[in-house]
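Here is the structure we will look at, set down as structure tokens.
Here is how names work: the chains are called A, B, and so on, in the same order as the sequence lines, proteins then strands, and each is numbered from 1.
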Amino acid sequence: MSITIDQEKVRYQKWTKLAEEGVDLFPHRAAITHTVSQVKQQYESLKEEELEKKEIKVSVPGRILTIRRMGRATFFHLGDALNRLQGYLRQDQIGQEAYRRFSLLDIGDIISIQGRLFRTRTGELTVLVEEYTFLAKCFHPLPEKWHGLQDVELRYRKRYLDLMINPEAARVFWLRSALIAEIRRFFDERGYIEVETPMMHPIPGGALARPFETFHNALGIELYLRIAPELYLKRLVVGGFDKVYEINRNFRNEGISSQHNPEFTMLEFYEAYKDYHDMMEMTEELLVYLSQKILGTLELTFGEYSLSLKRPWRKVRFYEALAEFSGLSPAKLKNEREVIELASQLASEKTPLSYGKALDVLFDKQVKPKLIQPTFVINPPKEISPLAKASPENPNEAERFELIMAGMEIANAFSELTDPLEQKRRFEQQLEERKKGDEESHAIDLDYVQALEYGLPPTGGEGIGIDRLTMIFANKQSIREVILFPLLRPKG
RNA sequence: GGGCCGUUAGCUCAGAGGGAGAGCACCGGCCUUUUAAGCCGGGUGUCGCUGGUUCGAGUCCAGCACGGCUCACCA
């Protein structure tokens with residue numbers, strides 16, 4: 001422990017004083033009857049007369065967040081993850097010694113208090129303390145009570161302070177937890193099996209992205225942190241797990257932004273005998289369910305926008321969305337050379353561009369940011385969808401959709417390509433792209449092709465970014481606000 | 001990676017060539033229903049780091065570190 005500032009010295013001295021007075025500095029357990037939040041939930045509705053009549057005794061632990069000493073009486077607040085509860089200490093109630101010893105406590109210390117509930121003159125539910133127990137020392141001064149911890153960097157690096165001090169921060173992660181719990185309930189109730197597939201892949205696949213590389217010493221092989229679980233999940237569908245889902249981390253070795261963290265959490269689910277139309281139905285059902293259950297509404301606020309989840313959501317074909325928002329006429333969009341040139345200007349580093357990739361660039365730049373309400377963009381170019389079935393009506397398009405909300409891609413799904421010969425051809429095309437310098441092209445995975453050779457039934461598959469979904473539900477504009485420990489450069 | 005902005009007390013922030021400041025927190029005193037408690041007194045600091053310009057740098061310049069926004073890449 002390094003004690004560097006005066007306030008820390010004072011805290012350390014108070015703590016050693018407690019030791020001299022025989023206080024157990026590292027108690028092994030605390031006998032508690034309620035948490036702060038439980039007291040609030042159970043008794044917030046009771047009036048003072050009821051509290052007086054019922055004589056409710058509680059033993060509550062918490063961190064001291066405020067102290068107001070007023071001579072021979074002291075008010076303070078104890079906090080847990082989401083709530084705070086006031087305590088009232090009177091010398092004539094607790095005795096001179098215990099009252100004096102309380103002055104050796106600091107804001108940030110963790111104690112438990114025993115006493116009965118009452119309401120103060122101003123009506124606040126409060127514990128009239130009869131006894132208190134020291135549980136842990138806080139050796140550092142806490143951030144300011146009114147402004148909280150504002151420094152964004154400190155909030156991420158010392159997330160525990162953020163959670164302790166800023167109630168909004170804690171709320172977001174409780175919401176995220178509820179979201180994931182409800183997602184599990186949704187799929188479990190539909191007869192899905194939840195699985196965990198490898199995070200370390202010999203061949204990185206299932207998405208178009210650059211992987212992190214690592215090495216296994218005993219086997220002497222290169223491994224890659226997974227960029228997607230997709231190929232493993234479909235192997236499981238081959239094996240007879242007709243309804244399968246996984247919620248887990250993906251890793252992509254790319255830039256960091258308000259919408260990208262190198263590791264992020266993805267829900268992927270696959271259901272046999274379904275296609276991408278079914279997946280759209282299910283996506284609406286899932287998000288409507290989550291929103292009703294967690295927020296109790298279908299009208300969400302996201303920054304300056306209001307998002308309505310009222311079904312049905314808009315469906316627009318990829319090419320039509322491009323024509324609508326990019327200002328290019330359908331004729332121009334069909335002019336491959338012109339499209340490639342235009343896209344190259346928008347994404348200078350991304351050369352050389354194929355026609356399909358160029359269309360994708362145009363879509364990302366000029367269409368995606370303008371799609372605010374939940375919108376299924378369907379049938380993108382087959383070329384950028386090497387794992388999706390082609391559309392029977394238009395062989396250049398994939399049976400695929402992306403769900404866009406608030407300008408962000410939230411979900412991506414398709415009718416899975418089940419033809420092993422076609423899959424192999426698509427992989428070979430991707431290899432050609434790689435030879436031309438596209439590091440994000442899909443690697444060939446012959447073991448996966450072989451799995452398809454055993455027969456993958458018609459299958460709908462989908463991925464939903466949990467972090468971004470949490471952003472939408474929690475009204476947070478930065479992905480770092482919904483990831484407890486976002487990746488930061490280590491501080492020198 | 002590029003551009004712009006930021007980094008001053010434990011926290012939140014002001015200060016823009018010449019005495020290092022405020023509020024909260026902290027320390028001492030008073031105060032038994034307060035709640036951003038109040039009253040009296042006290043400033044606790046490597047002004048991110050390293051150089052430079054200058055008689056003099058928290059302030060101007062350069063480099064570096066970390067962060068934010070944004071562009072690029074991506075989901």
Taking the [atom1] atom in each of [N] and [M], what is the distance between them to the nearest angstrom?
N	M	atom1	answer
B/G56	B/G51	P	16 Å
B/U59	B/C47	P	10 Å
B/C13	B/G48	P	15 Å
B/A75	B/G6	P	34 Å
B/C5	B/G63	P	13 Å
B/C66	B/G29	C1'	43 Å
B/U44	B/A20	P	12 Å
B/A25	B/C11	C1'	7 Å

Return the nucleotide paired to [N]: Watson-Crick means purine N1 to pyrimidine N3 with N6-O4 or O6-N4, wobble means G-U with N1-O2 and O6-N3, both under 3.5 Å.
N	value
B/G67	B/C5
B/U44	B/A25
B/U59	none
B/U33	none

Among [options], which is the nearest nucleotide to the side chain of [X]?
X	options	value
A/Pro143	B/G68, B/C11, B/U34	B/C11
A/Glu440	B/U34, B/C73, B/C69	B/C73
A/Arg90	B/U12, B/U32, B/C69	B/U32
A/Gln150	B/U32, B/U33, B/C13	B/C13
A/Glu409	B/U34, B/A75, B/G67	B/A75

Side-chain contact test, heavy atoms from C-beta onward, threshold under 4.5 Å: evaluate it for [X] versus [Y] and give yes or no.
X	Y	result
A/Leu287	A/Leu403	yes
A/Phe376	A/Tyr276	no
A/Gln42	A/Val58	no
A/Glu230	A/Tyr270	yes

Does [X] place a side-chain N or O at less than 4.0 Å from the phosphate oxygens OP1/OP2 of [N]?
X	N	value
A/Lys365	B/A72	yes
A/Lys357	B/C73	no
A/Arg72	B/C30	no
A/Arg489	B/A65	no
A/Arg155	B/U12	no

Report which part of the nucleic acid [X] touches: base, sugar-phosphate, or nothing (heavy-atom distance under 4.0 Å, all strands).
X	result
A/Asn261	base
A/Ile165	nothing
A/Gln86	base
A/Tyr156	sugar-phosphate
A/Gly255	base
A/Gly463	nothing
A/Asp92	base
A/Arg252	base
A/Leu208	sugar-phosphate
A/Arg84	nothing

### Message
Both A/Glu254 and A/Phe75 contact RNA chain B. Which one's nearest nucleotide lies toward the 5' end?
### Response
A/Phe75
### Whichever of A/Arg468 and A/Leu488 has its nearest RNA chain B nucleotide further upstream toward 5'
A/Leu488
### Task
Determine the minimum heavy-atom distance between A/Thr120 and A/Phe75, stating which atoms define it.
CG2-CE2, 4.1 Å
Any Lys/Arg nitrogen of [X] or [Y] sitting under 4.0 Å from an Asp/Glu carboxylate oxygen of the other?
X	Y	value
A/Arg155	A/Glu481	yes
A/Lys389	A/Glu399	no
A/Lys17	A/Glu20	no

### Message
Is it the case that the base of B/U33 and the side chain of A/Arg121 share a donor-acceptor contact (distance under 3.5 Å, atom types as modelled)?
### Response
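It does not, because no donor-acceptor pair links the side chain of A/Arg121 to the base of B/U33 below 3.5 Å.
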### Query
With distance as the sole criterion, do the side chain of A/Glu124 and the base of B/U33 form a donor-acceptor contact below 3.5 Å?
no
Using whole Å, report how far [atom1] of [X] lies from [atom2] of [N].
X	N	atom1	atom2	answer
A/Ile256	B/C66	CD1	C1'	13 Å
A/Asn253	B/G1	CG	P	13 Å
A/Arg226	B/A75	CZ	C1'	14 Å
A/Asp364	B/C71	CG	C1'	14 Å

Mind listing the N/O atom pairs, protein and nucleotides 22-28 of chain B, below 3.5 Å?
| unit_1 | atom_1 | unit_2 | atom_2 | d |
| --- | --- | --- | --- | --- |
| B/A25 | OP1 | A/Lys145 | NZ | 2.9 |
| B/A25 | O2' | A/Gln7 | OE1 | 3.4 |
| B/A25 | N3 | A/Gln7 | NE2 | 2.9 |
| B/C26 | O4' | A/Gln7 | OE1 | 3.2 |
| B/C27 | OP1 | A/Lys14 | NZ | 2.7 |

### Message
Does A/Arg176 qualify as a cation-pi partner of A/Phe173, given the criterion of NZ or CZ under 6.0 Å from the six-membered ring centre and within 45 degrees of its axis?
### Response
no
### Task
Using side-chain hydrogen bond (donor to acceptor under 3.5 Å, both in side chains) as the criterion, list what pairs up with A/Arg119, not counting sequence neighbours.
A/Glu44
#### Entry: Interatomic spacing from CG in A/Leu387 to CG in A/Leu417 - rounded to 0.5 Å
7.5 Å
